[in-house]
Amino acid sequence: MSAQETREPVRGQSLADGAAGTTLLHLEFGNDCRDLLKAMVAEPVEAHPDEATLFEGAPAVAFTLSATSHWRALTTLDEHVDTVTRTRLAAAHRRIDRGVPPAKREFDLIAGLTGLGAYLLHRHRGGDLLRDVLAYLVRLTEPQPDGLPGWWAADAPGRQSPDWQGGHGNLGIAHGIAGPLALLSIAMRRGITVDGQAEAMNRICQWLDRWRCGTAHRAWWPGVISRSEHEAGVVRQHGPQRPSWCYGTPGLARAQHIAGIALNDASRQHFAQQVLAWCVADESQLAQLRDVSLCHGWAGLVHTAWRVGQDDEQVRAHIPRLLDRLAESLRHQPPSSHGLLEGEPGVRLAQHAATTNTPPATGWDACLLLDS
């Protein structure tokens, strides 16, 4: 029996590690993917507000089907996504009204309202419900009653420990405030705005400036900060973490890059480009990458750099070398999981975009908030 045959069965409705993500690869290359499309809907589509996210259930299936002509199925799925989004928006506003901090999955890209907003922007290019999500994100940036930023999460970033008793501030694009910044910025670039949007984006950018470490363009950010770090104003982390899309400099730089363009802030745009150019040339950061994945490995770095490189020659010049490093890593350690975020489909999609220098036909990277 082959290694492929002994793998765990794919999860049909998962964009992260199942058939939904794998289907995007086949759609991008124009392959027959009828069997994969059937696998996505073989079981009732998950549409419970607590479970359905951009990467799981109805929104994930809808995101994938938006690259096809299955309009009847999309209409039904959109009804589910609308219900999930409205339910979660109402709960979020009630939470803010009570003056209590959020859990990170209320607002983040992977599991929260930023991810649902990313789908609405990708699918509908606007609309009242997207504006409702943007208005919520504006409200999210308003300070909490105790002076902490509105996105300061009550829960831990991962496993519970005494370090997180006071919650945490999450900076990353996957689970932190860089995700809302990217969504607000991409929407603004496309002419979709709500009251207070620019002010909210500036509040986020100023907070990222506050926690920026390093010197000049050799800057980096911690992935998360604890309450004690916030109160002391000092980060315990001693240097840059791995240069991943999810938590590292690439995702944070891209979010600020788009924000700079959207806000006509040339200094922020150029600074973000310089930071990423240093990051992709810094061997001490590159040495921390341990896999090829789109989420936290070489593929995510390549694709983020490729997107920023469309506006910056210095970053663009590194793409061939990064592609070589990705290919070398792929030969030595091929991914064992399925799907977009950690599996082979995400790697191949990143390779294809950078190698052909062609924007994705399916718009697959909208789910990472890397498009513009």
Side-chain angles (χ1 to χ4, degrees), residues 85 88-118 130-157 163-188 192-213 219 221-237 247 251-252 255-256 258-260 262-263 265 268 272 369:
T85 305
R88 297 190 69 172
L89 278 172
H93 284 297
R94 288 194 300 270
R95 190 270 307 163
I96 296 174
D97 290 341
R98 294 196 306 271
V100 297
K104 75 177 188 298
R105 81 179 309 273
E106 176 190 290
F107 64 84
D108 77 357
L109 172 61
I110 297 296
L113 281 159
T114 295
L116 295 172
L130 172 61
R131 287 181 169 83
D132 288 344
V133 173
L134 298 178
Y136 152 75
L137 293 176
V138 170
R139 196 177 181 199
L140 180 74
T141 69
E142 296 171 356
Q144 295 180 19
D146 57 4
L148 289 168
W151 58 85
W152 189 269
D155 51 349
D163 290 340
W164 310 113
Q165 286 181 353
H168 77 286
N170 199 307
L171 288 78
I173 197 169
H175 294 292
I177 197 57
L181 176 63
L183 178 60
L184 290 164
S185 301
I186 296 169
M188 179 175 282
I192 304 166
T193 59
V194 296
D195 289 345
Q197 188 164 334
E199 293 81 359
M201 292 161 61
N202 277 311
R203 279 194 290 271
I204 298 170
C205 287
Q206 289 164 10
W207 194 76
L208 294 177
D209 290 344
R210 167 66 185 82
W211 294 103
R212 187 175 68 217
C213 303
W221 292 265
V224 295
I225 58 172
S226 66
R227 183 65 178 267
S228 62
E229 288 174 310
H230 187 274
E231 291 174 349
V234 177
V235 173
R236 288 194 294 268
Q237 187 175 319
Y247 271 106
L252 278 155
Q256 293 177 80
I258 305 171
L263 294 167
D265 183 348
R268 185 170 296 278
L369 290 176

Any side-chain heavy-atom pair of [X] and [Y] under 4.5 Å:
{"X": "Ile177", "Y": "Leu208", "result": "yes"}
{"X": "Arg203", "Y": "Pro149", "result": "no"}
{"X": "Thr141", "Y": "Trp207", "result": "no"}
{"X": "Thr114", "Y": "Asp108", "result": "no"}

**Taking every non-hydrogen atom, the tightest pair across Ser185 and Leu181** = OG-O, 2.6 Å

**Message:** Could you report the tightest heavy-atom contact between Ala182 and Ile173, atom names first, then the distance?
**Reply:**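 Ala182 and Ile173 have their closest heavy atoms at CB-CD1, 4.3 Å.
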
Could you grab the distance from atom [atom1] of [X] to atom [atom2] of [Y], nearest 0.5 Å is fine?
{"X": "Gln206", "Y": "Trp211", "atom1": "CD", "atom2": "CH2", "answer": "15.0 Å"}
{"X": "Phe107", "Y": "His175", "atom1": "CZ", "atom2": "NE2", "answer": "10.5 Å"}
{"X": "Leu116", "Y": "Leu89", "atom1": "CG", "atom2": "CG", "answer": "8.0 Å"}
{"X": "Glu199", "Y": "Leu263", "atom1": "CD", "atom2": "CG", "answer": "9.5 Å"}
{"X": "Leu183", "Y": "Leu134", "atom1": "CG", "atom2": "CG", "answer": "5.5 Å"}
{"X": "Arg236", "Y": "Ile225", "atom1": "CZ", "atom2": "CD1", "answer": "10.5 Å"}

**Message:** Between Leu140 and Glu106, is the side chain to side chain contact (heavy atoms under 4.5 Å, CB included) condition met? List the steps.
**Reply:** CA-CA 10 Å; Leu140 180 74; Glu106 176 190 290; 4.2 Å; yes

**Asked** Arg227 pairs by side-chain hydrogen bond (donor to acceptor under 3.5 Å, both in side chains) with which of His230, Glu231, Glu229?
**Response** Glu231

**Asked** If you measure from the Lys or Arg side-chain nitrogens to the Asp or Glu carboxylate oxygens, is any gap between Arg212 and Asp209 under 4.0 Å?
**Response** yes

**Donor-acceptor under 3.5 Å (Glu142 side chain, Val138 main chain)** =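 A pair under 3.5 Å: no.
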
**Item:** Any donor-acceptor N/O pair, Gln197 side chain to Leu184 backbone, under 3.5 Å
**Value:** yes

